[in-house]
Participant: 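Here it is: the structure, laid out below.
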Number of protein chains: 2
Amino acid sequence: MQFTKAEEYGMQGVLHLADKGKDEVTPLSEISEARDIPEKFLAKIFQSLSRSGILRSHRGVRGGFTLAKPPGDITVKDVLEAIQGPYHLTKCIPDPDSCARSASCAMRELLVTAEERLLEVFVKHTLEDVVHMERSMSAPPSEKPNP
Amino acid sequence: MQFTKAEEYGMQGVLHLADKGKDEVTPLSEISEARDIPEKFLAKIFQSLSRSGILRSHRGVRGGFTLAKPPGDITVKDVLEAIQGPYHLTKCIPDPDSCARSASCAMRELLVTAEERLLEVFVKHTLEDVVHMERSMSAPPSEKPNP
DNA sequence: TTCTTCGGCCTTGGTGAATTGCATATGGAC
DNA sequence: GTCCATATGCAATTCACCAAGGCCGAAGAA
């Protein structure tokens, strides 16, 4: 798997909202410009996120999007799955019947484990965490690690 | 990322060789039939694996392929990378310059971590391990977990 | 009513995966 | 030395999906 543009853009867009606070309604045009994302594409992605209950949309003048929940209650995995659907390294993981060999396939076992390790990272971090990381990375060069 | 057929077939093929022992020369036709893999496709995959020093090829009558090293010296990651090249969740991980935002991108940090967790699993297991797992899974129903 | 913004649908171009085919090189068997 | 099985290399095909853009309709605030 590679991350798709949709996931990349979607995360950026959601982080933009999380950074501004839960209740500030923000139009696509602003996010699109600020994060350099094709507006129509972002619109499509945000539709999925609205339907999944992660975002709330507001139509009409001064409309836009807000987070539907506090940033601390939304994990990175929530966002990614809302965009792409459940992530699996192979088809045989969610659907063992897709391969005749599944029952005795050692590789499948290994892939299940690998997938778990990967997803753990996405479950463990909420949007709040990521926004905090982002702020601390861009703002203060408080210390020089290597003078 | 999804695992590709090439990776899937390549692993199956290599495991077939590992299961037979390091020095038994086996032609594509046998592997292809035993594991239900398109022969020409497997040929292409095995070319990469030969060039990477994981397999050794033997031409002519009674030719075929063998492992170039003992199964305990080849990790799952070795095989996968020989087939697909280095695995990365996004382009910006190996090549930070591909995105202007890389230096202060929190998502990138998260992805680096996730990728590490994933690859750890593949580095930790050798072909020998996987063959052992495979044997213990298919052969003896020594105990019934749920009578 | 009017203007702004999201919603849904349809189209397009591009890229890469997954094969298949054909011609060539190699080396063991006889 | 000839022959045949086998790998090697290159080309072409098919198909699906990603990425993006366009158009028009629906909703809602001013």
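Residue numbering restarts at 1 for every chain, and letters A, B, ... go by the order of the sequence lines.
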Participant: Could you tell me if B:Glu8 and A:Thr90 have a donor-acceptor pair between their side chains, going purely by distance under 3.5 Å?
Facilitator: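 No, no side-chain donor-acceptor contact under 3.5 Å.
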Participant: Could you give the side-chain donor-acceptor pairs of residues 52-62 of chain B under 3.5 Å, partners two or more places apart or in another chain?
Facilitator:
| unit_1 | atom_1 | unit_2 | atom_2 | d |
| --- | --- | --- | --- | --- |
| B:Ser52 | OG | B:Ser48 | O | 2.9 |
| B:His58 | NE2 | B:Thr66 | OG1 | 3.2 |

Participant: Please list, one pair per line, the donor and acceptor atoms closer than 3.5 Å that link side chains of residues 16-31 of chain B to other protein atoms, with sequence neighbours excluded.
Facilitator:
| unit_1 | atom_1 | unit_2 | atom_2 | d |
| --- | --- | --- | --- | --- |
| B:His16 | ND1 | B:Arg35 | NE | 3.3 |
| B:His16 | NE2 | B:Glu30 | OE2 | 3.3 |
| B:Asp19 | OD1 | B:Arg135 | NE | 3.1 |
| B:Asp19 | OD1 | B:Arg135 | NH2 | 3.0 |
| B:Lys20 | NZ | B:Glu24 | OE2 | 3.3 |
| B:Lys20 | NZ | B:Glu30 | OE1 | 3.4 |
| B:Lys20 | NZ | B:Glu30 | OE2 | 2.7 |
| B:Thr26 | OG1 | B:Glu24 | O | 3.1 |

Participant: Can you sort out which residues in residues 44-67 of chain B have a heavy atom within less than 4.0 Å of DNA chain C? Ascending by number, please.
Facilitator: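 Correct list: B:Lys44, B:Arg59, B:Gly60, B:Val61.
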Participant: Donor-acceptor pair, A:Glu39 side chain versus A:Ser32 backbone, under 3.5 Å?
Facilitator: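 No; judged by distance alone, with no hydrogens or angles, the pair does not exist.
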Participant: If we only count heavy atoms from C-beta on, is the A:Lys40 to A:Lys44 side-chain gap below 4.5 Å?
Facilitator: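 A:Lys40 vs A:Lys44: side chains apart.
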Participant: Testing A:Phe41, A:Phe65, A:Tyr9 one by one against A:Phe46 for a ring-ring contact (aromatic ring centres under 6.0 Å, His included), which residue passes?
Facilitator: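 The residue from A:Phe41, A:Phe65, A:Tyr9 that satisfies ring-ring contact (aromatic ring centres under 6.0 Å, His included) with A:Phe46 turns out to be A:Phe65.
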Participant: Side chains of A:Gln47 and A:Ser50: any donor to acceptor distance under 3.5 Å?
Facilitator: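 Their side chains do not contain a donor-acceptor pair, so the 3.5 Å distance test is not met.
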Participant: What range of DNA chain C does chain A touch, first nucleotide to last, counting atoms under 4.0 Å from its heavy atoms?
Facilitator: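 The protein-touched segment is C:dC3 to C:dG8.
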Participant: Under 4.0 Å, counting only non-hydrogen atoms across every strand here, what does B:Lys5 touch: a base, just sugar-phosphate, or nothing?
Facilitator: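 Sugar-phosphate contact only - B:Lys5 comes under 4.0 Å of backbone atoms but never of a base.
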Participant: For residues A:Leu89 and B:Leu118, determine if any side-chain heavy atom of one lies less than 4.5 Å from a side-chain heavy atom of the other.
Facilitator: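 In contact.
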Participant: Would you please test B:Leu15 and B:Val131 for side chain to side chain contact (heavy atoms under 4.5 Å, CB included) and show each step?
Facilitator: CA-CA 7 Å; B:Leu15 287 174; B:Val131 168; 4.1 Å; yes
Participant: Below 4.0 Å from chain B heavy atoms, what is the first contacting nucleotide of DNA chain D and what is the last?
Facilitator: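 So the outermost contacting nucleotides come out as D:dC4 to D:dG9.
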Participant: For residues 104-113 of chain B, which side-chain N or O atoms pair as donor and acceptor with protein atoms under 3.5 Å away, sequence neighbours left out?
Facilitator:
| unit_1 | atom_1 | unit_2 | atom_2 | d |
| --- | --- | --- | --- | --- |
| B:Arg108 | NE | B:Cys92 | O | 2.7 |
| B:Arg108 | NH2 | B:Cys92 | O | 3.3 |
| B:Arg108 | NH2 | B:Ile93 | O | 3.1 |
| B:Thr113 | OG1 | B:Glu109 | O | 3.2 |

